[in-house]
Amino acid sequence: MERTLAIIKPDGVSRGLIGEVISRLEKNGLNIVAMKMLHMSKQQAEGFYNVHAGKHFFESVTDFMSSGPCVVMVLEGEGVIDKYRKLMGATNYKDAEEGTIRREFATDIEKNVVHGSDGPQTASFEISYFFNELEIVKNSTTIG
Ligand code: ATP
Ligand code: MG
């Protein structure tokens with residue numbers, strides 16, 4: 001069974017979009033098997049986005065991700081990595097499809113409300129960055 005890491009970023013939390021995002025996950029049959037709120041330090045944000053170290057937006061995106069609390073979640077299900085990426089929409093909301101979370105709520109390429117792992121290896125690293133196995137529900141009820 002595939003897992004992915006989802007984050008409601010600081011802009012989503014501060015704008016009151018936690019319920020909106022979670023509602024879309026539920027309506028689309030994506031199972032949440034772990035969830036918590038946390039406020040990353042700058043160093044923790046740098047560790048999380050380490051794959052982007054050296055890119056022109058690294059400094060700014062790690063400042064942003066450590067600027068306030070996030071909601072971090074583990075989603076589980078067949079093909080959940082791609083299903084959730086589709087629901088989020090493209091990184092730049094201007095390129096995102098109609099009806100996606102980023103198209104409807106993002107305000108710029110950086111403040112794009114949500115994060116989702118982009119593949120199985122990234123998902124595994126990102127989930128273990130925030131959760132241990134005891135914090136992930138087993139045999140969860142399947143919705144959708
Ligand atoms: P995420 O990893 O957050 O799910 P993504 O996989 O769609 O987003 P990445 O290329 O991994 O996009 O970039 C990580 C994050 O860094 C983006 O979501 C966005 O917040 C920020 N970012 C990416 N590209 C840019 C850019 N050109 N300018 C400013 N910020 C950017
Ligand atoms: Mg990414």
Side-chain angles (χ1 to χ4, degrees), residues 1-55 57-58 60-93 95-107 109-144:
M1 195 55 99
E2 195 170 83
R3 286 176 176 172
T4 193
L5 184 87
I7 303 182
I8 305 175
K9 296 184 179 184
D11 59 331
V13 173
S14 66
R15 290 168 59 209
L17 296 172
I18 296 174
E20 177 67 43
V21 172
I22 290 177
S23 168
R24 284 169 183 244
L25 299 178
E26 290 182 331
K27 280 180 189 145
N28 286 278
L30 301 190
N31 274 310
I32 301 167
V33 291
M35 174 158 62
K36 61 188 167 192
M37 180 177 268
L38 52 85
H39 186 159
M40 275 186 266
S41 65
K42 172 80 170 166
Q43 199 181 6
Q44 286 166 333
E46 286 169 353
F48 178 71
Y49 271 140
N50 193 248
V51 288
H52 296 306
K55 293 188 186 160
F57 59 83
F58 184 66
S60 177
V61 79
T62 52
D63 276 346
F64 165 54
M65 291 299 281
S66 58
S67 68
C70 290
V71 173
V72 293
M73 292 173 271
V74 179
L75 311 179
E76 187 178 79
E78 220 172 282
V80 72
I81 294 176
D82 283 348
K83 281 183 191 166
Y84 175 56
R85 297 274 308 180
K86 276 212 174 71
L87 214 61
M88 289 199 305
T91 311
N92 188 344
Y93 73 102
D95 302 327
E97 277 182 44
E98 288 292 341
T100 60
I101 296 169
R102 284 169 167 172
R103 178 61 177 253
E104 291 196 24
F105 300 106
T107 49
I109 189 169
E110 178 180 87
K111 294 178 182 60
N112 55 10
V113 186
V114 280
H115 162 84
S117 311
D118 60 11
Q121 278 183 321
T122 337
S124 164
F125 164 76
E126 291 178 352
I127 290 167
S128 62
Y129 199 78
F130 295 114
F131 295 96
N132 66 49
E133 275 302 319
L134 284 174
E135 295 173 298
I136 303 175
V137 171
K138 307 294 179 300
N139 306 314
S140 72
T141 311
T142 302
I143 57 169

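The analysis underlying the following values was restricted to heavy atoms, covering all of them including side chains, and did not include hydrogens, waters or symmetry mates. Residue numbers run from 1 in the order of the sequence given.
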Validation row: [X], [Y] side chains within 4.5 angstrom (heavy atoms):
| X | Y | answer |
| --- | --- | --- |
| L5 | Y129 | no |
| K83 | L30 | yes |
| L25 | M73 | yes |
| D118 | I81 | no |
| V114 | F105 | no |
| K86 | T100 | no |
| V51 | F125 | no |

Exercise for the section: Go through the structure and list residues passing side chain to side chain donor-acceptor pair (under 3.5 Å) with E104, not counting sequence neighbours. Expected result: R24

Practice task
Can you sort out the partners of S23 under side chain to side chain donor-acceptor pair (under 3.5 Å), two or more places apart, ordered by chain and number?
Solution key: K27

Practice task
Under the side-chain contact (heavy atoms from CB on, under 4.5 Å) rule, what do I136 and I127 come out as? Steps first, then yes or no, please.
Solution key: CA-CA 10 Å; I136 303 175; I127 290 167; 3.8 Å; yes

Mark yes or no for whether [X], through its side chain, and [Y], through its backbone, hold a donor-acceptor pair below 3.5 Å.
| X | Y | answer |
| --- | --- | --- |
| N132 | E135 | yes |
| Y84 | H115 | yes |
| E76 | N31 | no |
| S124 | P120 | no |
| N112 | T91 | yes |
| R103 | A96 | yes |

Of the non-hydrogen atoms in [X] and [Y], which two are nearest, and what is the gap between them?
| X | Y | value |
| --- | --- | --- |
| V72 | F131 | O-CZ, 3.5 Å |
| T4 | A123 | CA-CB, 4.1 Å |
| V71 | V13 | N-CG2, 4.0 Å |
| Y49 | K9 | OH-NZ, 3.3 Å |
| M65 | P10 | O-CG, 3.8 Å |

Handout entry: Charged N-O contact under 4.0 Å between R3 and E133
Key = yes

Fill in the blank from the handout: Rounding to 0.5 Å, atoms SG (C70) and CG (D11) come to a distance of 9.0 Å

Practice task
Output the distance between atom CD (E78) and atom CD (E2), rounded to the nearest 0.5 Å.
Solution key: 9.0 Å

Handout entry: Residue among E46, H52, Q44 satisfying side chain to side chain contact (heavy atoms under 4.5 Å, CB included) with T62
Key = E46

Practice task
Dump the intermediate steps for side-chain contact (heavy atoms from CB on, under 4.5 Å) on F48 and I7, then the final yes or no.
Solution key: CA-CA 12 Å; F48 178 71; I7 303 182; 3.6 Å; yes

Practice task
Decide whether a cation-pi geometry holds between K111 and F64; the criteria are a distance under 6.0 Å from NZ or CZ to the six-membered ring centre and an angle within 45° of the ring axis.
Solution key: yes

